[in-house]
K.L.:
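First the structure, then my questions, so here it is.
All ligand and atom numbering here is 1-based and tracks the order in the structure.
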Amino acid sequence: MAALDRTDLLVIRWAQGEDGPAVALLDQTQLPHVEQELHCTEVSVLVEAIRVLRVRGAPVLGIAGAYGVALAAARGADVEGAASQLAAARPTAVNLASGVTRVLSVCRRIRAAGGGPEEVAQGALAEARELHREDAEASEAMAAHGCALLRELVPGRAMRILTHCNTGRLVSGGRGTALAVVGAVHRAGRLHMLWVDETRPLLQGARLTTYEAAREGMPYTLLADNAAGSLFAAGEVDAVLVGADRIAADGAVANKVGTYPLAVLARHHGVPFVVVAPRTTVDPATRVGADIVVEQRDGAEVTGEGSGTSTAPQGTRVHNPAFDVTPPGLVTAIVTEAGAVSPVTAPDLAELCSIPLERTSRSGNGMMNS
Ligand SMILES: CSC[C@H]1O[C@H](OP(=O)(O)O)[C@H](O)[C@@H]1O
């Protein structure tokens, strides 16, 4: 694997190639051993890329959804239909639907004002680019707020931080969410060890967080998910940092499956459990955690069925939720670009995110009314 310059990880970008406009993605299913860019010249290709996690992680899904609507507009395709397909590609990460809705609203507004296809395409791309830029900015702010909070929560010494799944540059327009905080702690000389959960079944930790930690020069150690408990028991964890895919109005956090058990372990062992996410991941239209739709994925991701190396008998029934939901009472703090809220309460979260508690309801296709 060629060592890459830090600034050179282009996770997602708008491309104008010989075959016209495209959404270019670093294919995360090929990492860490192959760095390959996928050019999506059709929305259907981008939808499939989202479904199979060639591009993944809540904030970057919002960026991908936004560029996807701009791609439909640029190619003179049915923008409304494209928006519905994109928003439905994965149900849990709220950023996807909100990124799609944001650019679709711009298309509708330009059209209603009498703009033609060219104006709609230009407006859509400009809005998608603005969302991309905002996410990069949010990432820098989260890193600063999160690092300051950790220095309060773990005073005086270099920290041993455990993380789950992948929350770095690969999920963001910038440095990421939780891993952006770890990077800031590392650059401040305060990171003793980053414990990396492999994160079964798709191994985002083993494949992607290790890849990013290595690029950043962080001290890191990979572990099987079920080894985390013994680390807590040995007093080897000073803080847990994770991302989020959707945060309900009451502060309940949907994140990669395996997050909830870490929150329970952290509470039992008196270890801070910190969630890092941009305000775009807080969804006031989802009142409580029980209302979060948790994506159920194909059992073959667990058994390997069909890949030639199946681990279980043919036809084994599999429970494979992509996420779980952690109640706010187990969350020490939620860090966003606007700052940190701790303890996590609905009014404080709403204030932090400058979101009025009463918000428009969802339309049937999972997209927010603009
Ligand atoms: C902060 S976004 C990263 C977030 O997304 C991951 O899910 P997936 O890999 O299925 O897209 C996981 O929940 C991470 O915490």
K.L.:
Quick one: which ligand 1 atoms are inside 4.0 Å of a heavy atom on Asn166?
P.N.:
3 (C), 14 (C)
K.L.:
Can you tell me which portion of Gln204 lies within the under-4.0 Å heavy-atom range of ligand 1? Options are side chain, backbone, both, or neither.
P.N.:
side chain
K.L.:
Donor-acceptor pairs under 3.5 angstrom involving side-chain atoms of residues 113-124: please list them, not counting sequence neighbours.
P.N.:
{"residue": "Glu118", "atom": "OE2", "partner": "Gln122", "partner atom": "NE2", "Å": "3.0"}
{"residue": "Glu119", "atom": "OE1", "partner": "Gly116", "partner atom": "N", "Å": "2.8"}

K.L.:
Not counting sequence neighbours, which residues clear side chain to side chain contact (heavy atoms under 4.5 Å, CB included) with Glu295? List them please.
P.N.:
Arg90, Pro91, Thr92, Arg297, Ala322, Phe323
K.L.:
Would you mind telling me if ligand 1 is within reach of the side chain of Ala93, the backbone, both or neither, using heavy atoms under 4.0 Å?
P.N.:
neither
K.L.:
Considering non-hydrogen atoms of the protein only, which is the closest contact for atom 9 (O) of ligand 1, and what is the distance?
P.N.:
Arg56 NE, 2.6 Å
K.L.:
Short list, please: which atoms of ligand 1 are under 4.0 Å from a heavy atom of Arg90?
P.N.:
8 (P), 10 (O), 11 (O)
K.L.:
Which residue and atom name correspond to the protein heavy atom nearest atom 5 (O) of ligand 1, and how close is it?
P.N.:
Asp245 OD2, 3.2 Å
K.L.:
Please list the nearest protein heavy atom to atom 12 (C) of ligand 1 with its residue and the distance rounded to 0.1 Å.
P.N.:
Cys165 SG, 3.3 Å
K.L.:
Side-chain contact test, heavy atoms from C-beta onward, threshold under 4.5 Å: evaluate it for His164 versus Pro261 and give yes or no.
P.N.:
no
K.L.:
List every atom of ligand 1 that sits less than 4.0 Å from any heavy atom of Asn255, numbering the atoms from 1 in the order shown and giving each element.
P.N.:
12 (C), 13 (O), 14 (C), 15 (O)
K.L.:
For Tyr260, does the OH atom have more than 12 heavy-atom neighbours from other residues, nucleotides or ligands under 6.0 Å away?
P.N.:
no
K.L.:
Could you check whether Glu48 pairs with Arg54 (Lys NZ or Arg NE/NH1/NH2 to Asp/Glu carboxylate O, under 4.0 Å)?
P.N.:
no
K.L.:
Say whether Ala244 and ligand 1 are in contact under the criterion: heavy-atom distance to a ligand atom below 4.0 Å.
P.N.:
yes
K.L.:
Report yes or no: is the cationic atom of Arg207 (NZ for Lys, CZ for Arg) under 6.0 Å from the centre of the six-membered ring of Tyr211, at an angle within 45° of the ring normal?
P.N.:
no
K.L.:
Write out the residue and atom name of the closest protein heavy atom to atom 1 (C) of ligand 1, then the distance separating them to 0.1 Å.
P.N.:
Thr177 OG1, 3.4 Å
K.L.:
Report, in ascending order of atom number, the atoms of ligand 1 lying under 4.0 Å from any heavy atom of Gly57.
P.N.:
2 (S), 3 (C), 5 (O), 11 (O)
K.L.:
Any idea which atoms of ligand 1 are less than 4.0 Å away from a heavy-atom of Thr167?
P.N.:
15 (O)
K.L.:
Given 3.5 Å as the limit, does a donor-acceptor pair link the side chain of Asp197 with the main chain of Gly205, or not?
P.N.:
no
K.L.:
Does ligand 1 have any atom sitting under 4.0 Å from a heavy atom of Pro59?
P.N.:
yes
K.L.:
If you measure from the Lys or Arg side-chain nitrogens to the Asp or Glu carboxylate oxygens, is any gap between Arg109 and Glu127 under 4.0 Å?
P.N.:
no
K.L.:
Can you pull out the closest protein heavy atom to atom 2 (S) of ligand 1? Residue, atom name and distance to 0.1 Å, please.
P.N.:
Ala58 N, 3.1 Å
K.L.:
Compute whether any side-chain donor of one residue and acceptor of the other, for Thr286 and Asp291, lie under 3.5 angstrom apart.
P.N.:
no
